[in-house]
Visitor: 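Below is a structure I'd like to ask you about.
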Amino acid sequence: MATHPSTPHPTGAETTPEPSTPKPATSKPSTLHSTRAHSFNTAAAQYAANRPSYPPALFDAIETLADHPLPGSRVADIGAGTGIATALLHARGANVIAVEPGDGMATQFRSTLPGIPIIRGTGDDLPLADASVDLVTYAQAWHWTDPTRSVPEALRVLRPGGALALWWNTEALDVPWIAEAAARTERHFGIDVSAEKRNVNATDPTGRLDFTRRTVRWSRRVPVDTHLANIGSHSVFLVDDEEHTADFLAAEREHLLKAFPDGIVEEVYEVVLLLAKTPA
């Protein structure tokens with residue numbers, strides 16, 4: 001998570017803004033946006049334990065679109081958080097370095113993945129050398145950057161023929177119980193849940209990148225408590241009034257147990273991948 005967030009989404013990807021005129025590089029995030037961007041540091045252990053992972057097919061798609069195998073590749077995972085994506089990239093054989101600005105998230109990362117290097121920094125000011133990596137990745141994190149800064153930074157650190165890959169787990173709103181839960185979230189928090197999938201996008205103010213989009217559908221089965229802890233680790237919950245959030249989660253538990261009497265929730269996701277290659 002870097003330093004220029006947009007409106008957060010409570011369940012799935014944090015929402016990204018509709019394409020618009022990029023802010024100048026000197027623009028500052030609002031206090032609320034900054035609070036949301038850094039809220040994850042207070043819930044790093046909850047985040048690490050309960051957030052969904054990513055399916056193998058996502059990394060197959062990355063290799064195909066990048067036209068480059070992950071084994072042996074030099075990868076910078078930006079906004080690495082607790083290392084969910086970093087660990088998967090490492091397991092695929094990539095030589096990964098993580099970049100993360102948050103104290104809490106970085107501490108959790110180091111305790112979980114002590115063998116993978118992590119350095120402090122943001123996507124808007126990458127602490128990496130020019131032309132030093134084959135792939136720059138952002139898992140659930142691009143929307144926290146200012147593209148007028150993060151795009152040039154990605155282009156600077158990528159080698160010729162390298163690639164920038166951005167992805168988000170988004171909820172499958174065509175699944176009835178998920179659509180119903182989204183409607184309850186909208187009513188309770190006054191937000192537009194469906195904007196999540198409409199707004200998962202990337203703008204390139206340099207005009208040098210052409211993003212290709214792929215979607216990978218997958219699911220996981222988790223206990224109700226894990227599902228509630230997952231959605232509770234999103235920024236809109238973390239910055240909201242504790243009693244207001246607790247009321248929602250208590251009511252949500254009742255709804256979920258009616259839908260899933262055995263206490264096991266099937267979360268269904270569509271991972272949206274955007275990947276652009278740099279000129280060789």
Side-chain angles (χ1 to χ4, degrees), residues 1-9 12-20 22 37 40 51-55 57-68 70 73-81 83-86 88-89 92 94 96-101 121-126 128 133-158 161-171 195-218 269-278:
M1 284 75 60
T3 57
H4 289 262
S6 59
T7 304
H9 188 269
E14 306 283 339
T15 48
T16 51
E18 294 283 2
S20 59
F40 304 101
R51 282 292 185 106
S53 185
Y54 305 100
L58 167 67
F59 299 95
D60 294 340
I62 290 171
E63 289 184 313
T64 298
L65 294 178
D67 194 25
H68 195 289
L70 283 170
S73 293
R74 178 74 168 166
V75 179
D77 187 28
I78 317 303
I84 295 172
T86 313
L88 295 172
L89 289 162
R92 294 284 292 228
V96 192
I97 184 167
V99 178
E100 167 58 39
T122 75
D124 295 341
D125 187 17
L126 291 174
L128 301 169
V133 297
D134 301 301
L135 180 66
V136 171
T137 62
Y138 281 84
Q140 312 286 135
W142 179 255
H143 51 277
W144 296 123
T145 74
D146 175 357
T148 64
R149 300 171 65 184
S150 56
V151 170
E153 278 293 272
L155 290 170
R156 178 182 64 80
V157 304
L158 281 168
L164 171 62
L166 326 171
W167 67 86
W168 295 262
N169 265 323
T170 69
E171 289 188 321
E196 171 190 335
K197 297 187 77 169
R198 293 199 308 270
N199 296 341
V200 170
N201 211 330
T203 57
D204 172 20
T206 72
R208 296 173 60 188
L209 297 177
D210 183 15
F211 286 97
T212 299
R213 187 183 185 102
R214 292 286 186 274
T215 300
V216 178
R217 193 176 179 99
W218 73 287
Y269 295 98
E270 290 187 340
V271 185
V272 177
L273 168 67
L274 300 174
L275 187 142
K277 292 186 64 175
T278 62

Visitor: Give the minimum heavy-atom separation between Gly79 and Ala141, together with the two atoms involved.
Guide: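 Here Gly79 and Ala141 meet closest at O-CB, 3.9 Å.
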Visitor: Nearest heavy-atom pair of Pro147 and Pro205: which atoms, and what distance?
Guide: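 Between these two residues, the closest heavy atoms are O-CG, 3.4 Å.
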Visitor: Could you work out, with side chain to side chain donor-acceptor pair (under 3.5 Å) as the rule, every residue matching Arg156, not counting sequence neighbours?
Guide: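 With neighbours one apart ignored, the set is Asp130, Glu153.
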Visitor: Could you list the residues that satisfy salt bridge (Lys or Arg N to Asp or Glu O under 4.0 Å) with Asp204, not counting sequence neighbours?
Guide: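 Testing Asp204 for salt bridge (Lys or Arg N to Asp or Glu O under 4.0 Å), a comparison that skips the adjacent residues, returns none.
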Visitor: Report the residues that fulfil ring pair (Phe, Tyr, Trp, His ring centres under 6.0 Å) with Phe59, sequence neighbours left out, ordered by chain and then residue number.
Guide: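 So Phe59 forms a ring pair (Phe, Tyr, Trp, His ring centres under 6.0 Å) with Trp167.
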Visitor: Please walk me through it: do Leu275 and Leu164 pass side-chain contact (heavy atoms from CB on, under 4.5 Å)?
Guide: CA-CA 6 Å; Leu275 187 142; Leu164 171 62; over 6 Å; no
Visitor: Does the Glu171 side chain pair with the main chain of Tyr269, one donor and one acceptor, at a distance under 3.5 Å?
Guide: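 Judged by distance alone, no pair lies under 3.5 Å.
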Visitor: Once rounded to the nearest 0.5 Å, what's the spacing between atom CG of Asp67 and atom CD1 of Ile62?
Guide: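 It comes to 14.0 Å.
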Visitor: Do you know the tightest heavy-atom contact between Leu128 and Ala76?
Guide: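 The answer is CD1-CB, 3.7 Å.
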Visitor: Would you check if there is a donor-acceptor pair between the side chains of Asp124 and Thr122 at a distance under 3.5 Å?
Guide: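 No donor-acceptor contact under 3.5 Å links the two side chains.
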Visitor: Is the backbone N or O of Gly123 less than 3.5 Å from a side-chain atom of Thr145, with the two atoms forming a donor-acceptor pair by type?
Guide: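 Checking the backbone N and O of Gly123 against the side chain of Thr145, no donor-acceptor pair under 3.5 Å is found.
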Visitor: With a 4.5 Å limit on heavy-atom distance, are the side chains of Leu274 and Trp168 in contact?
Guide: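 Yes. Closest side-chain heavy atoms under 4.5 Å.
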Visitor: Would Thr137 and Leu135 count as a side-chain contact (heavy atoms from CB on, under 4.5 Å) if you check the C-alpha gap in whole Å, the side-chain angles of each, and the deciding distance to 0.1 Å?
Guide: CA-CA 6 Å; Thr137 62; Leu135 180 66; 3.6 Å; yes
Visitor: With sequence neighbours left out, what residues match Thr64 under side chain to side chain contact (heavy atoms under 4.5 Å, CB included)?
Guide: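 If we apply the side chain to side chain contact (heavy atoms under 4.5 Å, CB included) test to Thr64, skipping adjacent residues, there are no hits.
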Visitor: For the pair Ser73 (side chain) and Val75 (backbone), establish whether a donor and an acceptor sit closer than 3.5 Å, ignoring hydrogens and angles.
Guide: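 Side chain of Ser73 to backbone of Val75: no pair is present.
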Visitor: Arg74: what forms a side chain to side chain donor-acceptor pair (under 3.5 Å) with it, not counting sequence neighbours?
Guide: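 Once residues adjacent in sequence are excluded, Arg74 has no partner under the side chain to side chain donor-acceptor pair (under 3.5 Å) criterion.
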Visitor: Taking side chain to side chain contact (heavy atoms under 4.5 Å, CB included) as the definition, give me every residue that meets it alongside Pro55, ordered by chain and number, with sequence neighbours left out.
Guide: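 Once residues adjacent in sequence are excluded, the partners of Pro55 under the side chain to side chain contact (heavy atoms under 4.5 Å, CB included) criterion are Leu58, Val216, Trp218, Val271.
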Visitor: Short question: side chain of Asn169, backbone of Ser53 - any donor-acceptor pair under 3.5 Å?
Guide: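 Indeed, once roles are kept as given, a pair shorter than 3.5 Å links the two residues.
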Visitor: Going by an N to O cut-off under 4.0 Å, is there a salt bridge joining Asp60 and Arg92?
Guide: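 Between Arg92 and Asp60 there is a salt bridge, with a charged N closer than 4.0 Å to a carboxylate O.
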Visitor: Go through the structure and list residues passing side chain to side chain donor-acceptor pair (under 3.5 Å) with Asp125, not counting sequence neighbours.
Guide: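 If we apply the side chain to side chain donor-acceptor pair (under 3.5 Å) test to Asp125, skipping adjacent residues, there are no hits.
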Visitor: Report the distance from atom CG of Leu166 to atom NE2 of His143, rounding to the nearest 0.5 Å.
Guide: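 Reported to 0.5 Å precision, the distance equals 11.0 Å.
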Visitor: In chain order, what residues pass the side chain to side chain contact (heavy atoms under 4.5 Å, CB included) check against Ala276, with sequence neighbours excluded?
Guide: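 Residues passing side chain to side chain contact (heavy atoms under 4.5 Å, CB included) with Ala276: Leu209, Phe211.
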Visitor: Output all residues satisfying side chain to side chain donor-acceptor pair (under 3.5 Å) with Thr215, sequence neighbours left out; order by chain, then residue number.
Guide: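 In terms of side chain to side chain donor-acceptor pair (under 3.5 Å), with neighbours along the sequence ignored, Thr215 is linked to no residue.
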Visitor: Looking at CG of Leu273 and CG of Leu65, how far apart are the two atoms once the value is rounded to the nearest 0.5 Å?
Guide: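 Separation between the atoms: 6.0 Å.
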Visitor: Calculate, to the nearest 0.5 Å, the distance between atoms OG1 and CG belonging to Thr86 and Leu88 respectively.
Guide: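 Rounded to the nearest 0.5 Å, the OG1-CG separation comes to 8.5 Å.
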Visitor: Kindly compute the distance separating CZ (Arg217) from OG1 (Thr170), expressed to the nearest 0.5 Å.
Guide: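 Output value for this atom pair is 9.0 Å.
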